[in-house]
Visitor: 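Could you have a look at this structure, given as structure tokens, before my questions?
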Amino acid sequence: MDIAVEVSEVTKIFGNFRALDGLSFEVKSGEVFGLIGPNGAGKTTALRIISTLLLPTYGTVKIFGLDVVKNAATIRKIISYLPEEAGAYRYLSGWEYLEFMAKFYTKDDEKVREMVNEAARISGLGERLKDKTGTYSKGMKRRLLVARALMNKPKLAILDEPTSGLDVIHSYHVREIIKKYVKDYGVTVILSSHNMLEVEHVCDKVALINKGKVIAEGTPRELEEKFESENLEEVFAKVVKLA
Amino acid sequence: MLKGFRNFLLKELKEFARDPKILLGIVIVPLVLFSVLGGLMSYAMQSAEESTIRSNFVVINNDCENWSYTFIKFLSSSGSKVFVEENVELNDGKLIELLSKYNVTQALEIPKGFSANITAHAKNPNITASVKFYVHITTTNIFDATRYLPIDATISQFNRALAPDVLNIEKSTIIKGEIKHNVDPATVSGLMVSQSVFIPIAIIILLFYSIQLAATSVAIEKEEKTLETLLTLPIDRLTILFGKLVGSMIIAAIGAVTYIAGYAYFMQSLISKTTPNFVMDLVSLGLVPSFLGYVLLGASLFVTILSALALAVILSAFAGDVRSAQSLVGFIYPIIFLSTFALMYIDAGALPYALRLVLYAIPFSHPIIVSKAVIMGDYVTPTLSIFYVSFFTLALMYVASRLFATEKILTAKLKLKWFTKYGKTTGEP
Ligand SMILES: Nc1ncnc2c1ncn2[C@@H]1O[C@H](COP(=O)(O)OP(=O)(O)OP(=O)(O)O)[C@@H](O)[C@H]1O
Ligand SMILES: [Mg+2]
């Protein structure tokens with residue numbers, strides 16, 4: 001299996017604050033990789049660097065061998081990023097939004113239609129896709145954006161708290177979709193989450209980060225064994241307290 | 001080429017078109033503005049008509065027979081102050097000399113044979129008498145556009161008292177030191193008013209509009225949290241920048257057209273009140289730019305608007321939301337306003353050298369410089385001006401594209417510490 005994401009010794013400094021402090025981990029191709037950690041640990045910052053939004057102050061990040069600083073434009077063709085907090089254009093309908101996004105990935109009208117239909121299915125929004133996104137509830141908007149992030153079947157999907165704000169049914173649905181995409185299309189996923197149950201269910205591998213550093217890493221099972229815990233939540237509590 | 005530009009521009013235009021606030025700005029505001037403006041104008045015209053009675057002129061009496069004295073007495077009784085000169089051979093220079101001697105802008109010539117014609121009219125109604133009316137139009141008195149309208153009223157009163165149609169009036173305009181025979185001064189001054197008010201207003205509105213739109217369209221991507229997604233798409237950052245610039249420019253142009261149409265409607269109603277035959281060769285009068293002049297004016301406006309847009313994009317890149325973006329670009333408005341009006345009404349040549357340089361350095365004053373120059377038939381100044389503003393714009397666009405190319409577009413936040421500190425210290429004793 002080849003390496004999808006290689007983060008090595010990444011430090012990110014905002015002003016005089018170290019948001020990331022020598023962060024390193026690897027994500028294998030076809031894997032679902034989970035980033036967990038307390039608020040302000042640096043999860044979002046790490047995902048933003050991986051998705052070419054922010055530049056690392058020190059260190060390097062490679063996506064399928066491409067450098068996020070030097071090959072940003074090429075990387076943007078093969079990734080998709082779902083921000084932690086994101087909106088849609090309020091004066092566009094759900095359909096129009098998806099179509100707008102799809103057209104950046106292909107010029108073929110047929111393929112655009114395929115992508116949009118795929119996204120419509122993922123979002124489960126049905127008839128509401130005809131309405132302006134400004135009228136959607138928070139969860140509905142989130143579903144639209146999750147669908148947007150997956151519809152182009154990226155080589156790497158970077159999902160920052162994909163199920164935040166979703167009800168139980170839709171969280172479950174999104175998790176199933178993520179798994180299906182990994183299995184059927186070989187998509188690699190890196191996600192962050194505060195829902196340990198979700199991480200246990202979906203992620204093949206987990207990195208627990210705190211204060212911009214990885215403090216524990218492994219499969220959920222390995223971590224539970226190593227820290228003699230019942231579940232990931234307990235692992236989290238123990239490890240963060242230790243640190 | 002810029003991949004995805006069409007797609008992005010279309011989205012920009014859709015957003016603008018569906019935003020009720022923009023509809024308000026483009027349709028409702030011009031309507032309100034122009035009804036107010038229309039009201040003000042008719043008020044101005046009324047007061048102008050009232051003040052006519054007291055307006056002064058010089059009468060050149062080349063007749064010096066009975067009826068001419070009666071006519072002069074009639075003129076004086078209507079309340080105007082009348083200065084009389086007798087038997088003057090008139091030419092362009094002499095007329096202007098007389099006008100400045102009495103410090104007036106209007107002259108009435110009673111030609112030789114005036115009394116004879118009036119007397120003859122009693123026997124043969126085909127014979128009529130005429131007087132010649134001259135108005136000197138300078139850039140300082142263009143607002144007196146309608147002042148001399150009531151000369152018509154005075155003449156018809158005279159006719160009513162004497163005999164119908166016995167006396168005709170021939171109106172001429174003195175402009176740029178030359179007498180333009182049979183050119184109605186009201187038409188000329190109407191045109192000049194429209195040029196001196198309309199051009200700066202149109203430019204200001206166009207600039208304000210584009211700035212507002214560009215600032216909003218950049219800041220709204222941050223406020224609505226759509227920017228982050230946008231920046232990770234396989235789309236050139238320059239596409240985003242140009243999409244914003246072009247989108248704002250298109251909507252601003254539509255806005256400008258509605259404003260201009262509204263304004264032209266009021267100008268038209270003002271002019272049609274004063275003269276029926278507005279269609280005349282204004283180009284030959286030297287009051288309207290030639291084709292080349294229009295091309296230069298258009299080019300100048302284009303680069304100036306582009307510079308304003310680029311500046312707005314740069315400023316709003318530092319704002320986190322629409323409201324702070326709008327207050328940030330608000331700092332540009334006084335500069336536009338002052339530079340535009342200063343150059344429109346003040347002779348730049350009369351300003352101190354340093355002040356003049358400052359005015360010329362501001363790109364927003366250049367459309368006015370160009371519009372003045374092309375009317376005078378000067379095509380060198382506009383060309384230099386367009387080069388200067390283009391250079392300025394390119395520099396701004398470069399800065400804007402640098403901002404868009406890095407993470408700054410996402411993380412840049414202007415520190416308003418100074419303002420907070422200033423606010424606090426003034427709040428305390
Ligand atoms: N643009 C920025 N400027 C300054 N500091 C920043 C910026 N972005 C993030 N930070 C800081 O970096 C640290 C890490 O933030 P980050 O958003 O990565 O945390 P997180 O792990 O995603 O937290 P959460 O679980 O709350 O989403 C925080 O202390 C945050 O204040
Ligand atoms: Mg986060």
Side-chain angles (χ1 to χ4, degrees), chain A residues 12 14-15 19 44-45 47-57 63 68-69 72-93 96-97 99-107 112 132-134 141-142 144-146 148-149 152 154 156-158 160, chain B residues 1-23 216-240 243-244 247 251 320-322 402-415 417:
Chain A
K12 179 67 185 176
F14 293 112
T44 298
T45 306
L47 295 181
R48 282 178 161 181
I49 291 176
I50 293 169
S51 53
T52 74
L53 280 172
L54 297 180
L55 302 173
T57 314
I63 314 286
V68 286
V69 182
T74 319
I75 288 175
R76 285 179 197 135
K77 285 182 194 155
I78 56 169
I79 63 162
S80 82
Y81 172 59
L82 172 71
E84 175 175 33
E85 244 190 293
Y89 299 101
R90 61 163 66 231
Y91 292 114
L92 299 188
S93 71
E96 286 174 318
Y97 177 75
E99 213 168 79
F100 167 68
M101 290 295 177
K103 280 182 180 163
F104 290 116
Y105 293 97
T106 174
K107 277 209 172 82
V112 168
K132 301 258 154 45
T133 67
K141 218 176 280 168
R142 195 68 184 163
L144 181 73
L145 295 174
V146 170
R148 195 291 297 170
N152 60 322
L156 173 69
I158 304 149
D160 200 348
Chain B
M1 256 289 293
L2 296 172
K3 206 173 133 264
F5 179 75
R6 223 177 73 109
N7 187 24
F8 189 74
L9 179 63
L10 219 65
K11 176 227 116 190
E12 287 289 302
L13 294 177
K14 261 188 206 164
E15 278 192 290
F16 278 137
R18 292 178 186 172
D19 189 342
K21 288 190 293 288
I22 295 197
L23 192 73
T216 306
S217 83
V218 171
I220 198 140
E221 298 265 7
K222 286 195 184 183
E223 189 174 306
E224 304 260 318
K225 304 263 189 307
T226 50
L227 185 65
E228 258 185 272
T229 310
L230 196 60
L231 295 179
T232 57
L233 296 176
I235 167 180
D236 203 314
R237 299 279 170 97
L238 274 184
T239 307
I240 302 176
K244 299 257 167 226
I251 300 291
D321 53 35
V322 173
R402 294 306 306 157
L403 261 178
F404 267 74
T406 62
E407 63 177 45
K408 290 228 169 50
I409 184 71
L410 204 63
T411 55
K413 274 255 167 64
L414 200 66
K415 299 233 168 30
K417 252 189 222 149

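Because the structure is a prediction, the values reported are computed rather than measured. Sequence lines set the chain letters: A, B, ... in the order given, protein chains first and strands last, and positions in each chain run from 1.
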Visitor: Looking at OG1 of B/Thr411 and CG of A/Leu55, how far apart are the two atoms once the value is rounded to the nearest 0.5 Å?
Guide: 9.0 Å
Visitor: Could you pull out the closest heavy-atom pair between A/Thr52 and B/Arg237, with the gap in Å?
Guide: O-NH2, 4.1 Å
Visitor: Can you tell me how far CD1 of A/Ile49 sits from CD of B/Glu407, rounded to the nearest 0.5 angstrom?
Guide: 8.0 Å
Visitor: Between the main-chain N or O of B/Leu233 and the side-chain N or O of A/Arg76, is there a donor-acceptor pair closer than 3.5 Å?
Guide: no
Visitor: Given heavy-atom pairs under 4.5 angstrom as the criterion, report whether the side chain, backbone, both or neither of A/Ala72 touches chain B.
Guide: neither
Visitor: Using the side-chain contact (heavy atoms from CB on, under 4.5 Å) rule, take A/Tyr91 and B/Asp19 through it: C-alpha gap first, then chi angles, then the decisive distance, then the call.
Guide: CA-CA 7 Å; A/Tyr91 292 114; B/Asp19 189 342; 3.4 Å; yes
Visitor: Give, as side chain, backbone, both or neither, the part of A/Ala86 having an atom under 4.5 angstrom from any heavy atom of chain B.
Guide: both
Visitor: Holding to salt bridge (charged side-chain N to carboxylate O under 4.0 Å, His left out), I want the full list of residues that pass it with B/Lys14, two or more places apart in sequence or in another chain.
Guide: A/Glu96
Visitor: List for me each residue that meets ring-ring contact (aromatic ring centres under 6.0 Å, His included) alongside A/Phe100, sequence neighbours excluded, and say none if there are none.
Guide: A/Tyr89, A/Phe104
Visitor: Taking side chain as everything from C-beta outward and backbone as N, CA, C, O, which of these in B/Glu221 sits under 4.5 Å from a heavy atom of chain A? Side chain, backbone, both or neither.
Guide: side chain
Visitor: For a quick test of reading the model, state the closest non-hydrogen atom pair linking A/Pro83 to B/Glu228 and the distance between them.
Guide: CB-OE2, 3.7 Å
Visitor: Give, as side chain, backbone, both or neither, the part of A/Arg48 having an atom under 4.5 angstrom from any heavy atom of chain B.
Guide: side chain
Visitor: side-chain contact (heavy atoms from CB on, under 4.5 Å) between B/Arg18 and A/Leu92: does it pass, once the steps are laid out?
Guide: CA-CA 9 Å; B/Arg18 292 178 186 172; A/Leu92 299 188; 4.0 Å; yes
Visitor: Return the CZ to CD1 distance between A/Arg90 and B/Ile220, rounded to the nearest 0.5 Å.
Guide: 6.5 Å
Visitor: Return the CD1 to NZ distance between B/Ile235 and A/Lys103, rounded to the nearest 0.5 Å.
Guide: 13.0 Å
Visitor: Once rounded to the nearest 0.5 Å, what's the spacing between atom CD1 of B/Ile409 and atom CG of A/Leu53?
Guide: 11.5 Å
Visitor: Quick check: do A/Glu99 and B/Asn7 have side-chain heavy atoms less than 4.5 Å from each other?
Guide: no
